[in-house]
Structure formats: structure tokens, C-alpha cells
Amino acid sequence: MISLLCVAALFPMAEPADTTVTIENVEVRGTARQTQQMKMSQNSVQVGRDYLEQNFSGSLMQTLQGIPGVKAMSIGSGLSKPTIRGLGFNRMAVTEDGVKHEGQQWGSDHGLEIDQFSIDRAEVVKGPAALLYGSDAIGGVLNLFTNHIPLSPFEGSVQLYGRTNNESLGLSAKVGGRQGKFFYRVHATFVDYADYSVPTDSIQYYSYWIRLKDGRLRNTAGCERDGSVMVGYAGYNFHTDLRISDSYSKSGFFADAHGLEVRLSGIDYDRSRRDVDLPHQWVNHLKALSHTSWKGENGSVELNLAYQNNLREELSEPVSHGYMPKPDNSLERRFNKNTYSGQLALRRSLDGRHELQCGASSEYQHNRRSGWGFIIPDFETLSMGVYVMDRYTIREHLIVNAGMRYDHARTHIHEYHDWYATPVQYVAAPSQPSQQYKQRSAELTRRFNSFTWSAGINWQMGEWVLKANVGKSFRVPIPKELGADGVNYHIFRYERGNAELSPEESYQLDGGISWSHEGWSLQVEPYVNYFPNYIYLNPTSKFVEGLQLYHYMQAEVLRYGLEAEVGCELNRHWKASLKGEYLHAEQRSGEKKGYALPFSTPWSVDADVKYSFFVKGQGFVGLNCHVVGRQDDIVPPESPTDGYFTLNLSAGQRVPLNSSTTLKVALHVDNLLDRRYYDHTSYYRLIDVPEPGRNCSLMVGLEF
């Protein structure tokens, strides 16, 4: 396969195929829609900047969760993690301008370190995509693009926005220009927010009732500061650009959920809604990436190189805990992760029927920890992979594709001993020490090899398009799963790794049926996902350092579900749609055989109606009814979660001021009726914290 890469490098490659299936705010009818559906056998959705602005709902994932199969897993402080078909964290890949984003994505207490206001478009690829992206893409890929090339000598935009629930205020601005074939772009974002509120005056944490002042979750305020610069050259056949971005955020942890010791703290958490006290975290993500491509008559070559530094600190009041004496500072945990990566892709069109694509990628991660708390050890990880794919057109309306990939990964974990001594419970001889520095992590080197493959077919029959994709994907166990041993306050448990874990494998069958005719459209996407050795945290009946012990284990798991959507465009003013999703997961082996997986996504249905008007520009008003079913598929000690429904309102107006300037206004109201409900995928429901109440988001922008 490596020799194939060398041979392919001698020939010009084909331009990458457009993988768009759905384009928001572009009217696509009849055969044009079917043509887009025929681009790839996987199910994917692409949305543009207008969609992101009109559906702005706080975090990026809350904005995107209107897409069937995509959810925002709430993790407190108004932050959220992305999930695709119920798989998140290290089971889905997030890329920015073609480069996989590498932060501390194993963490359950912070969101993506990406400026959502710099994104021009986003693409969601559902199902396994490990063939192109390697490990972590076992559940899907979220592709984010911020590389729009300015077309005029000077252009830009300014946006002001706010949210009522957490009194968020923000400003985002960008300018750019192009002179001949050279271009530049500069972007900056500033956000400040207060403690967010929930529709309750008290919560219960380990049988303690905690009062909330004005329904506010204490110490969940924060701020965000983002900036990026891009310069490049865009010729007819050759393109290259360099982009440097820096994302900084600081946010408080909900004080009453960060250990019962906070009850003894002298900090007055209710003195201000906007201050950030202990405990809190800050994270800074620096990214430098270079993108270069060359296009020939029959093909293209593309090279991405990137360096990323993710620096994160958690700070807490120093208190003694168990045998640990009181520390002399507030630095509980510090993680410094450096990532170096490179990807080479070669594409070529052969005899008008074959579109051959092959490539290679490599990534090196170096992570170091410090602080008086421990959860994961120091580690280094090196991964390399090569792949080849072929897309073959049998005839105009029948296309098949197949590919395979080989990966090798090496993970080295460092040993770690507590900085304080722990009494030895049993001493066999007087000569043995009565105290020891407990080992949390042992020195460990693991090597993983994996061969993956996929095959698919697209078949168009008039107004119908049928898709099927079958494949095998994999995921390398991350250092946290191999070597964790410590308290995770943010999700209220003690976590312990398993050094014997094997690579997680997945076999998946995806289907797609779509139909479009005179303003009506239908899309159904069923899937089946089988894991011989799914990795997850298993709850036990033991308690360590006052918290319930969870340990990593593997089990045979079967997952299946579907997404469906039907849409109707009655005329140029009225549009309506009905979309829903269902997912079922069941463990087929192990201690919890017969049960589901923790935090499994319940079924949901969305009904939308939208009215567009054309007065002094273009505007719209839309209403959404979001219905979520009761979740009884649980894993002890989980409890079932009741179903709920919310009404959500959106409106917007686009007004051209002159030939080059446009005013945009977008309003989004979540939970219009201010209902109290619990999200089964939220960790905070475990301590009786409901989801936020009514929340109005307003964005006013000027494009020039």
C-alpha cells in the first residue's frame, strides 16, 4: 500500500468530490437534489453560515443539534459536548479546515476550544469515518471550515449578541481582503457571561438539599477570548495558506457540585453573578496549521500540517481529602498537551469512471500533568496510517465505492505515585514500612495495529436515491481509559482505568432512502452498529475516597436506530418539516448484560414550521416543537428520565443597506414556555439540576 502512494504521487489527482448532501438556505429541487445525494454513500449534512446565525443558541453544538442524529451533551456552565448518534468524546472526530482538533477531549467538563463565530460552514458525517480520519472517527465526523477566501480588496463583518439566561454579552468581528492572488483574514471574538439559571430554587446532592439564590447555579460564570489570522495565496492550480488561532476561555465549576467540602468554604458565591471564584478552570488552545493543494487536469494533491498546544488548569480551594494533607496552593490539575500532525491526500480520475484516492497521516501527542490532584498520567502517543479508496461509476445513476486502511499506534504511559504517604493497611513484617507513596499509574507501553475497510453503493431511480454503506472501524484506547485513577468531581465519581483494554472495533451498516418531488422531500437513514468490545465506565457498588467507583471495562454491544425527516415547501412563503430519531443500545455480555449504555439518547421528534417574508429584504419567523420520550433504557445505578417537550421560536431579518452592506438580525428563544425538564444525557441530572429555563438569544450583525 505504501508503494501505491509512491506511484500515485507521480500523477496529477482529481479535485476532491463535493460531499454535500443538504445545503441550508439554497433552494435545491428535483434532479439537483438527487445529484447531491449521489456524491457519497455515507449520510452527511452540510449547513452554511446563515444557518449557524439563524439558529444561534449559545454553544456551537446547541446550534447544530437541530440536525437529526446530532446532540449537545450538557456538561454544565452552559457548555456542551458534541455527539453523533449517541457517540461522543473520543468516539467522534472534530476537524477544523481539514485538521483533527486535539484538546483534552476526554474531559467531561469543557466544550470545544474553537471559536464558533469564525465558522463559515459545518458538515456532519454520520457513521464511521475511520477510513479517512483514523481512530476516534468511529461514530462520525464534525467538519468545521473557517477558510473562506475574501473576494474583494476589503470586506468584513461585525456581530453583537446576547443571551438572557446567563446575561451573556459578546462581540465578534472579522476583516479580510484580497490583492491579486494574495489574501488575508483576521478574526476576533469576546464573550462574557454570568451564572446561568434553572427553573428551580433548590437541588439535591447526596441527600443534601441545597438552596439556589434566584435559581442561579453558583460560580458558572465565565469568559471567552478568541483570535485568528490567516494569510495565503490562491492561484488557478495552486493554493496555500497559513492560519494561526488562539482560543482562551475561563469558566467556573458549579460550586455545590464540586465536592461537599465546598459547604465549608468561606467564599461568598452569591455576592455577584459575574465573578468566577474557586473552583474554576481555564484553557488556552493555540493552533497553527498550513494547507497546501495543487490541482491538475485529472487530479489534485493536498497537504495539511499542524501544531496544536492545549494548556488547561483546574483550580480548587486546597483542602485535605482522605489521607491527602492540605495542599499549599490551589492548582488541582494542570494538563499541557502538544500535538504535531500531518496528512497527505492524493486524488486521480481514471478513464472517466474511477476516482482513486489514497493518502497517509501521522500524529504525535505529548501530554504532561501537574498539580496535587490526579486523574490521568503523563503520556506520549504516536499514530500513523495509510489508506486507499476507489469510487467507480458503473453508469450515471449507479456508483459503488470501496476502501481500506492500515493504522499503527504506540502509547507510552508514565508511572505516577502520590505526593503524600498512605498508611499500609496490612504489614506482614516489622521491617516493612508502615506507609507508602501509593502508585496510581504504572509504566506502560502498548502498541496497536488495525486494518479497517468500507464499501458502499449509491443508486438513483428517478426521484429516489438509495444508499448503503458497510464497514469496519476502530478506536485506540486513550491514556485515560488505560491509566486513570482518581476523583472526577465534575461527574461525581471515582474513575479507574484498565491497562489491558484492547482496541475498540465496530462493524456498521448504514442505509439511506431519499425522495424529492415538487417541494416535497423524504429522507430515512437506518443503521446497525455492532461492537465486539465496546469500552465504557462500569459503575460498581464500591466507594473510594467517598465517591462511587467506576472502572473501565469492555462488553459486546449492539446499537441500532434511525433518523427520518419529511419536508414540505408549500410556496415561497411557507415551509414545514417533521423529523425524528431513535436509538437503542444493548450490552450482550459482561456484568451488565441486557442493560443499555450509560447516558443513552432517548427518542425525539421535532416539528417545524417557517414563514418567510420579503419586506425591505428577506426575513422569516419559525416555530419548533421539540418532543423527547421517556428514557427507560438505563444502566444501574442510573435512574429513568421522564420525557418532555419544549417550544422554541426563531426569527430573522436580512436588510441590504446598499450594494455592499447588509444588516442581519436573528432572534432565537429556547424553552419558550419556561418548562422544567431533565436531559438524560446531562451529568447534572444526577444531582437533580434541571435544564436551563427560557433563554432568548439575539444577534445583530453588519456585513460589508
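For the single chain, residues carry numbers from 1 onward in sequence order.
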Checking Asp390 against Arg348 for the salt bridge (Lys or Arg N to Asp or Glu O under 4.0 Å) test, could you report, in this order, the C-alpha distance in whole Å, the side-chain angles of both residues, the deciding distance, and whether it holds? CA-CA 10 Å; Asp390 184 27; Arg348 179 173 176 79; over 6 Å; no
Measure across Asn304 and Gly98 and return the closest heavy-atom pair with its distance rounded to 0.1 Å. ND2-O, 3.8 Å
Exercise: identify the closest heavy-atom pair between Lys472 and Thr452: O-CB, 3.2 Å
Judged by atom type as modelled, is there a donor-acceptor pair below 3.5 Å linking the side chain of Ser589 to the main-chain atoms of Glu556? yes
Is a salt bridge present between Glu563 and Lys126, judged by a nitrogen-to-oxygen distance below 4.0 Å? yes
Nearest-0.5 Å distance, CG of residue Leu398 to CG of residue Asn458: 9.0 Å
Restricting to ring pair (Phe, Tyr, Trp, His ring centres under 6.0 Å), what partner residues turn up for His239, sequence neighbours left out? Phe183, His291
Apply ring pair (Phe, Tyr, Trp, His ring centres under 6.0 Å) to Tyr560 and list each qualifying residue two or more places apart in sequence or on a separate chain. His584
Short side-chain donor-acceptor distance under 3.5 Å, Ser245 and Ser228: no
Tyr595 OH: over 12 foreign heavy atoms closer than 6.0 Å: no
For the backbone of Leu242 and the side chain of Ser290, can you confirm whether one donor and one acceptor N or O come within less than 3.5 Å of each other? no
Report the residues that fulfil ring pair (Phe, Tyr, Trp, His ring centres under 6.0 Å) with Tyr507, sequence neighbours left out, ordered by chain and then residue number. none
Side chains of Asn367 and Asn336: donor-acceptor distance under 3.5 Å anywhere? no
Has His408 got a side-chain atom pairing as donor or acceptor with Ser450's backbone, closer than 3.5 angstrom? no
Which distance, rounded to the nearest 0.5 Å, do you find between the CD of Glu113 and the CD of Glu102? 10.5 Å
Donor-acceptor side-chain pairing of Ser247 and Asp226 below 3.5 angstrom: yes
Pair Glu96, Arg243 - check salt bridge (Lys or Arg N to Asp or Glu O under 4.0 Å), show working. CA-CA 11 Å; Glu96 186 177 16; Arg243 181 174 180 269; 3.2 Å; yes
side-chain contact (heavy atoms from CB on, under 4.5 Å) between Glu525 and Lys467: does it pass, once the steps are laid out? CA-CA 9 Å; Glu525 300 172 354; Lys467 293 182 173 186; over 6 Å; no
Between Asp510 and Arg85, does the salt bridge (Lys or Arg N to Asp or Glu O under 4.0 Å) criterion hold? Intermediate values first, please. CA-CA 12 Å; Asp510 276 76; Arg85 292 177 171 174; 2.4 Å; yes
Check: Ser502/Gln554 side-chain N/O donor and acceptor closer than 3.5 Å: yes
Take Leu305 and Thr292 through the side-chain contact (heavy atoms from CB on, under 4.5 Å) test and state the conclusion after the steps. CA-CA 9 Å; Leu305 301 173; Thr292 302; over 6 Å; no
dist Asp136:CG -> Ser383:OG (nearest 0.5 Å) comes out at 9.0 Å
Do Leu382 and Ser362 come close enough that some side-chain heavy atom pair is under 4.5 Å? yes
If you measure only the distance, is there a donor-acceptor pair under 3.5 Å linking the side chains of Tyr534 and Gln587? no
Residues Arg121, Asp50: salt bridge by 4.0 Å N-O rule: no
Qualifying salt bridge (charged side-chain N to carboxylate O under 4.0 Å, His left out) pairs with a residue from residues 62-73, counting only residues at least two apart or across chains: Lys71-Glu581
Under a 3.5 Å cutoff, is there a donor and acceptor pairing between the side chains of Thr146 and Asp97? yes
Tell me whether the NZ or CZ atom of Arg312 lies within the 45° cone about the ring axis of Phe335 and under 6.0 Å from its centre. no
Among side-chain atoms of Tyr552 and Lys480, is any donor-acceptor pair under 3.5 angstrom? yes
How far apart are the C-alpha atoms of Val94 and Asn143, what are their side-chain angles, what is the distance that settles it, and do they pass the side-chain contact (heavy atoms from CB on, under 4.5 Å) test? CA-CA 6 Å; Val94 177; Asn143 291 317; over 6 Å; no
Kindly indicate, with the supporting measurements, whether the criterion side-chain contact (heavy atoms from CB on, under 4.5 Å) is fulfilled by Arg49 and Glu53. CA-CA 6 Å; Arg49 188 168 184 82; Glu53 292 175 351; 3.3 Å; yes
Does Glu463 use its side chain to pair, donor to acceptor, with the backbone of His517 at less than 3.5 Å? no
From Leu482 CG over to Arg446 CZ, what is the distance, rounded to the nearest 0.5 angstrom? 6.0 Å
Determine yes or no for a side-chain-to-main-chain donor-acceptor pair under 3.5 angstrom, with Gln308 supplying the side chain and Lys100 the backbone. yes
Judged by modelled atom types alone, do Asn449 and Tyr406 share a side-chain donor-acceptor pair under 3.5 Å? yes
Ala484 backbone acceptor or donor facing Glu495 side chain under 3.5 Å: no
State, to 0.1 Å, how close Ser600 and Ala585 come at their nearest heavy-atom pair, and which atoms those are. OG-CB, 4.4 Å
Applied to residues 345-367, the ring pair (Phe, Tyr, Trp, His ring centres under 6.0 Å) test, sequence neighbours excluded, yields His354-Tyr392
Which residue in the set Gln365, His285, Lys337 passes side chain to side chain donor-acceptor pair (under 3.5 Å) when paired with Asn310? His285
Go through it in stages, so that I can follow the logic: the residues are Glu586 and Lys593, the test is salt bridge (Lys or Arg N to Asp or Glu O under 4.0 Å), and I'd like the CA-CA distance, side-chain angles, deciding distance and then a yes or no. CA-CA 8 Å; Glu586 180 182 347; Lys593 181 179 179 180; over 6 Å; no
With no hydrogens and no angle check, is any side-chain donor or acceptor of Asn43 less than 3.5 Å from a backbone partner on Gly512? no
Calculate, to the nearest 0.5 Å, the distance between atoms CZ and NE2 belonging to Phe117 and His187 respectively. 8.5 Å
Do you know which two heavy atoms are closest between Gln508 and Tyr527, and how far apart they sit? NE2-CB, 4.1 Å
Sequence neighbours excluded, which residues qualify as ring pair (Phe, Tyr, Trp, His ring centres under 6.0 Å) partners of Tyr530? none
Distance in Å, Asn401 CG paired with Asn469 CG, rounded so as to fall on 0.5 Å steps: 6.5 Å
Taking all non-hydrogen atoms of both residues into account, name the closest pair between Pro526 and Leu562 and its distance. CA-CB, 3.7 Å
Smallest separation among heavy atoms of Arg475 and Asn90, with atom names: CD-O, 3.0 Å
Do we get Arg405 above Phe451's six-membered ring, with its NZ or CZ under 6.0 Å from the centre and within 45° of the axis? no
